[in-house]
Amino acid sequence: MTEIILATHGLTKTFGALKVSNNISIDLRPGEIHALIGPNGAGKSTLIAQICGTLTPAAGRVELMGKDVTHLSARKRSLAGLGRTFQISALAMEDTVLQNTVLGALGATGNPWFSLRPALKNHALRGVAEQALHRVGLQDVMSTRTAELSHGQRRQLEVAVALTLNPKAFIMDEPMAGLGSEGSKQLTELLDELRVEAPILLVEHDMDAVFALANRISVLVYGKIIATGTVDEIRANREVKEAYLGDEA
Amino acid sequence: MIQETHFNVFILALLVAIPAWAIAVDEPFTVTLMTRAVIFAIAAVGLNIALGLGGLVSLGHAAFFGIGGYAMGILAFHQQTYAPIFEWPFVIEGTKSMPVIWLVAVVASSLAALVIGLLSLRTSGVYFIMITLAFGQMFFFYCIGWSAYGGEDGLSIYVRNGFPGLNTLDPIQFYAICFSILALVLWIVSALAKSSFGLALNAARQVPHRVETAGLNTKRIQLAAFVISGAITGLAGALFADLNRFVSPAMFSWQLSGEIIVFVVIGGVGRLFGPVVGALVFVALEHILGGLSEFWHIYLGLLLLLIVLFSHGGLIGMVCGRKAVHD
Ligand SMILES: Nc1ncnc2c1ncn2[C@@H]1O[C@H](COP(=O)(O)OP(=O)(O)OP(=O)(O)O)[C@@H](O)[C@H]1O
Ligand SMILES: [Mg+2]
């Protein structure tokens, strides 16, 4: 049996009358990209929030490397190895690209206490940050203020910041949204090589990217996983076609 | 647009040149005014760490200013009455030594900031403002009733406290002490802003959930910033008490908390020299307009309105443009 990096067991969450996560059990195995697809409002981001610890489930568990992390804060889960990108960019807009990336590395590589040394002159931090920026292709805009980046560049920066944690598993919420075809192609290549370092739970609406990348796909509709399988299995699944894919399959 | 570092050097030069000129033409009162401005500047530089870098709008910083003031008042009062502060379990005497008084002021205001910060950082936004205000008011009313130390009337200290090797009664020498402390504090704050701590604090203001995702404890970072901020404002309070040789509950008033915010806003929130420019402008207006009309605050209000409406980043923002990014 292969070791499982990340797993949820029966995660359940309701918002009033809306059952936004209905007994969700999915897992992430070494070396894979597990895509999570589903219509708008299906509960994908809500599921990610529970996995990452920003939202508490009503029932169920989250396990990282076989360890129950259900009661750890988001901060502790990051340190335990969950590297997350946000659907809505969570970046310090007044700061530069490099500053945002150095900040990402700070918790894992450095510490913010008892030093008046400039953060950007800390070679360890800066090394990690610059390497991450090279990998996503933002090396030429390192000293640009984040507010001045294009939407696509902000998506790339989200990924770079997650890279700095050197995580055990990546959780990415729509990293390709708004990237444009050139940007999606670049990021698809990056994710393809990244899965070897750490498996990726990928929420994505861009079906070309999903079909090109995913080892497995889970389909979430109205808070329920209606199918999990390989690309071919999912494309052939009638229920999935009706609920989400339509003609795209 | 003038580069901000050039403008900062210009302000520092003014802080040296004006008192030097005042001594040359024998205008000691100008030196005293400048001392007042420099001490307000220190208090506001302290607030700017919480407000500008941390985004923590504290309407209670007078608490720390007052604690610094009373640290000086109480220590010096016991020295001038020859009555020890404690006799049991061990004897603690008063003192007239500035360095000792500063140390006590810094430690006491840090502790107060730690407690106030722990409680008020559980909230945010307008609740944070109200809780800090409430704490300031608690100190204010406590001191009004604290008859051992003058209650409402406050405490007068007959002779300014001493500093080894200097004659602190000479206005220019006392000014030099205050100016040196301001310079030191500015240097620390500028280093702090660029440090890893400053980076995290700055980001915690903009996107707290990102800072947590980076594995950092946002609240702890903000609390540390609040403590450093309170400590610096407390030190300013001790100097202010020494300038006036007098402390009273007015040092704890919410109006004073408001004025410290006004210094920061006039000069530029989050700008290193913003609080310095704000305090200078405030003291200048207070002196010039205050001589013309009792209602000079109206003009101050008008200035504040113009700055808030038409500039992002106070007077420094007007002169130097947007804040440059570090590289
Ligand atoms: N805090 C909340 N309180 C109440 N309802 C919420 C809350 N957060 C999300 N919802 C609702 O839960 C449902 C699922 O939202 P979620 O953001 O998880 O969807 P999603 O699958 O990520 O959609 P999208 O593809 O548009 O990103 C939506 O109907 C949303 O309105
Ligand atoms: Mg979503």
Side-chain angles (χ1 to χ4, degrees), chain A residues 49 52-54 73-86 88-122 124-125 142-148 157-158 161-162 164-165 167 171, chain B residues 4-5 49 51-55 184-228 232 268-272 274 312-313 317 321-327:
Chain A
C52 295
T54 42
S73 65
R75 180 173 76 82
K76 294 233 169 87
R77 288 186 211 192
S78 290
L79 291 175
L82 276 187
R84 173 189 194 177
T85 73
F86 291 87
I88 299 162
S89 294
L91 301 163
M93 289 296 163
E94 292 171 21
D95 293 354
T96 63
V97 169
L98 183 61
Q99 281 175 318
N100 268 289
T101 323
V102 165
L103 174 76
L106 193 54
T109 308
N111 88 69
W113 303 106
F114 310 117
S115 166
L116 285 180
R117 185 156 67 130
L120 300 187
K121 296 227 163 77
N122 180 327
L125 282 177
M142 286 201 284
S143 3
T144 304
R145 215 188 283 266
T146 303
E148 286 154 24
L157 181 52
E158 275 282 330
V161 173
T164 60
L165 268 179
I171 319 284
Chain B
E4 189 167 340
T5 41
I49 297 172
L51 179 64
L53 295 179
L184 178 72
V185 165
L186 283 170
W187 178 78
I188 292 172
V189 172
S190 107
L192 202 66
K194 289 184 195 147
S195 72
S196 296
F197 177 81
L199 185 69
L201 179 63
N202 207 13
R205 183 188 74 240
Q206 302 173 56
V207 269
H209 53 296
R210 159 60 67 202
V211 179
E212 292 281 328
T213 305
L216 302 167
N217 190 331
T218 315
K219 290 281 182 230
R220 197 173 296 169
I221 286 166
Q222 289 174 328
L223 179 62
F226 196 73
V227 170
I228 298 169
I232 293 174
V269 176
R271 312 298 282 257
L272 182 60
H312 296 288
R322 285 183 70 175
K323 200 169 163 180
V325 292
H326 304 306
D327 49 21

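Each chain gets a letter, A, B and so on, in the order the sequences are listed, and its residues count up from 1.
In this structure, chain B has a heavy atom under 4.5 Å from the side chain of A/L125, while its backbone stays farther away. In this structure, the portions of B/R220 lying under 4.5 Å from any heavy atom of chain A include both its backbone and its side chain. Using a 4.5 Å cut-off between heavy atoms, B/L201 does not touch chain A at all. Of the two parts of B/E212, the backbone and the side chain both hold a non-hydrogen atom closer than 4.5 Å to a non-hydrogen atom of chain A.
The residue among B/L216, B/N202, B/L192 with the most heavy atom pairs within less than 4.5 Å of chain A is B/L216. Contacts with chain B were tallied for A/L103, A/N100, A/T54; A/L103 has the most, counting heavy-atom pairs under 4.5 Å. Chosen from A/L165, A/D95, A/N111, A/V102, the residue pairing most often with chain B at heavy-atom distances under 4.5 Å is A/D95.
Side chain of A/S78 to backbone of B/T213: a donor-acceptor contact under 3.5 angstrom is found. B/R205 places a side-chain N or O within 3.5 Å of a backbone atom of B/G52 that can act as its donor or acceptor partner.
Of the charged side-chain nitrogens involved, none lies within less than 4.0 Å of a carboxylate oxygen, so that A/E94 and B/K323 do not count as a salt-bridged pair.
For A/V161, the side-chain contact (heavy atoms from CB on, under 4.5 Å) partners at least two apart in sequence or on another chain are A/L91, A/L157, B/R210.
Of all heavy-atom pairs spanning B/I221 and B/A200, the tightest one is CD1-CB, 3.6 Å.
B/I49 has its side chain within reach of B/V189: a pair of non-hydrogen atoms, C-beta onward, lies under 4.5 Å apart.
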